[in-house]
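Residue indices begin at 1 and follow the sequence shown. Both ligands and their constituent atoms are indexed starting at 1 by order of listing. Since this is a predicted model, take the numbers as computed values, not measurements.
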Amino acid sequence: MGLVVVLSGGQLSPTLIAREECEHYAEEVQKLAYKLLELISLSLDLPANRLSGFFKDQTSFIRLNHYPPCPVPHLALGVGRHKDAGALTILAQDDVGGLEVKRKTDGEWIRVKPTHDAYIINVGDIIQVWSNDRYESVEHRAAVNCKKDRISIPFFFNPAHYTNVKPLEELTDDQNLAKYKPYNWGRFFATRKRSNFQKLNVENIQISHFRLLEKSV
Ligand SMILES: O=C(O)CCC(=O)C(=O)O
Ligand SMILES: [Fe+2]
């Protein structure tokens, strides 16, 4: 399957990026994404293949992020705070570090220490909605480094654009009411993309806009 590769940041040149290597990487990382999807399904007491059908015409893509160094990192925008809108993100990064996740208990930003040869897996908004909040997508951001360039390569595993995203019927009943009303993934994503990096600003689309029930803490 053809995957879109998006380049973002300072001096990355498409000519420097080997096409075959990107395609090979996309194929392999996609296999990992399907495996993770199976494990998530099983963890929700669902058949392993319960979610894979949503990805038949998937809208997944890879982004190559380049963060040039900045002498005043706190004044620079890396990637602003946001939650990944899709199903899962598989993030490869170099050893510079910069990714921060927001701790829910006190709102502190916690730096994620890069681990050699390991991926960071982010649960996205769609898994949160499908699981009716049993999984939760994490708020995160990426800071720039004052001395070093940084590269990160997220693979965004997203379902078909026509997917109607809603809590799975198996996980809802009279005792566990659906916490979200259905929304169309293609429209959600297009709206999100238009707002670029202002990802958590009020005018931007969020799954909380589709929430039916108050969130229990
Ligand atoms: O560069 C990173 O560590 C995170 C990037 C990110 O969150 C994103 O591209 O959605
Ligand atoms: Fe992200």
Side-chain angles (χ1 to χ4, degrees), residues 3-14 16-17 22 25-26 29-30 32-33 36-37 40 58-70 73-104 107-130 135-159 165 185-186 188-201 204-208:
L3 266 190
V4 177
V5 177
V6 182
L7 303 174
S8 108
Q11 301 121 358
L12 272 185
S13 156
L16 293 177
I17 297 170
C22 273
Y25 181 73
V29 82
Q30 207 183 134
L32 175 61
L36 290 166
L37 202 64
I40 288 173
Q58 61 183 281
T59 55
S60 305
F61 65 100
I62 286 181
R63 193 159 58 211
L64 306 179
N65 292 322
H66 173 222
Y67 303 93
C70 173
H74 62 285
L75 294 180
L77 179 74
V79 174
R81 68 192 190 97
H82 66 282
K83 296 180 176 189
D84 293 344
L88 283 175
T89 306
I90 300 178
L91 179 82
Q93 59 172 334
D94 59 21
D95 60 1
V96 173
L99 176 66
E100 296 176 345
V101 297
K102 195 170 181 178
R103 191 160 57 198
K104 249 182 81 179
E108 279 282 308
W109 287 102
I110 308 295
R111 186 60 68 101
V112 180
K113 217 170 113 213
T115 305
H116 183 64
D117 269 353
Y119 287 120
I120 309 273
I121 312 293
N122 269 350
V123 166
D125 287 342
I126 292 181
I127 297 277
Q128 176 166 343
V129 173
W130 277 339
Y135 279 95
E136 207 172 313
S137 94
V138 67
E139 191 175 331
H140 58 283
R141 66 183 186 186
V144 294
N145 190 279
C146 57
K147 292 205 178 68
K148 294 182 185 163
D149 288 80
R150 174 171 180 254
I151 302 274
S152 77
I153 309 177
F155 169 78
F156 298 100
F157 192 44
N158 297 335
V165 183
W185 162 244
F188 186 99
F189 189 55
T191 310
R192 172 68 67 91
K193 264 209 320 221
R194 276 197 293 273
S195 66
N196 199 7
F197 289 109
Q198 306 292 310
K199 291 182 174 169
L200 274 183
N201 278 4
N204 199 352
I205 191 164
Q206 304 293 341
I207 53 168
S208 55

Per atom 8 (C) of ligand 1, closest listed option by heavy atom (Arg150, Arg63, Glu100):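 Considering heavy atoms of Arg150, Arg63, Glu100, the nearest to atom 8 (C) of ligand 1 sits in Arg63.
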
Tell me the contacting part of [X] for ligand 1: side chain, backbone, both, or neither, using a 4.0 Å heavy-atom threshold, strictly below.
{"X": "Leu91", "value": "side chain"}
{"X": "Gln93", "value": "neither"}
{"X": "Thr89", "value": "neither"}

Partner of His82 by side chain to side chain donor-acceptor pair (under 3.5 Å), out of Glu139, Arg141, Gln206, His140: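 It is His140; the other options fail the test.
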
Side-chain (Asp94) to main-chain (Val96) donor-acceptor, under 3.5 angstrom: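 The answer is yes, because a donor-acceptor pair under 3.5 Å joins these two groups.
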
Pull out every atom of ligand 1 sitting under 4.0 Å from any heavy atom of [X], numbered as shown with elements.
{"X": "Ala142", "value": "1 (O), 2 (C)"}
{"X": "Asn65", "value": "1 (O), 5 (C), 9 (O)"}
{"X": "His140", "value": "7 (O)"}
{"X": "Asp84", "value": "10 (O)"}
{"X": "Phe156", "value": "8 (C), 9 (O), 10 (O)"}

I'd like to check [X] versus [Y] (side-chain heavy atoms, cut-off strictly below 4.5 Å). Are they in contact?
{"X": "Leu99", "Y": "Arg150", "answer": "yes"}
{"X": "Ile153", "Y": "Tyr25", "answer": "yes"}
{"X": "Ile121", "Y": "Leu88", "answer": "yes"}

CZ-CD1 distance between Phe157 and Ile90, expressed to the nearest 0.5 angstrom: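 Answer for the CZ-CD1 pair, Phe157 versus Ile90, is 7.5 Å.
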
Which atom of Asp84 approaches the Fe ion (ligand 2) most closely (N/O/S):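 Looking only at N, O and S atoms of Asp84, the one nearest the Fe ion (ligand 2) is named OD1.
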
Donor-acceptor pair between Asp149 and His66 side chains, under 3.5 angstrom: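 Result is yes, a qualifying pair exists.
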
Distance-only polar pair, side chains of Gln58 and Ser60, donor-acceptor under 3.5 Å: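 Distance-only check passes for Gln58 and Ser60.
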
4.0 Å heavy-atom contact, Pro154 with ligand 1: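 It does; at least one heavy atom falls under 4.0 Å.
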
Ligand 1 contacted by His82 (non-hydrogen, < 4.0 Å):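 So His82 counts as touching ligand 1.
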
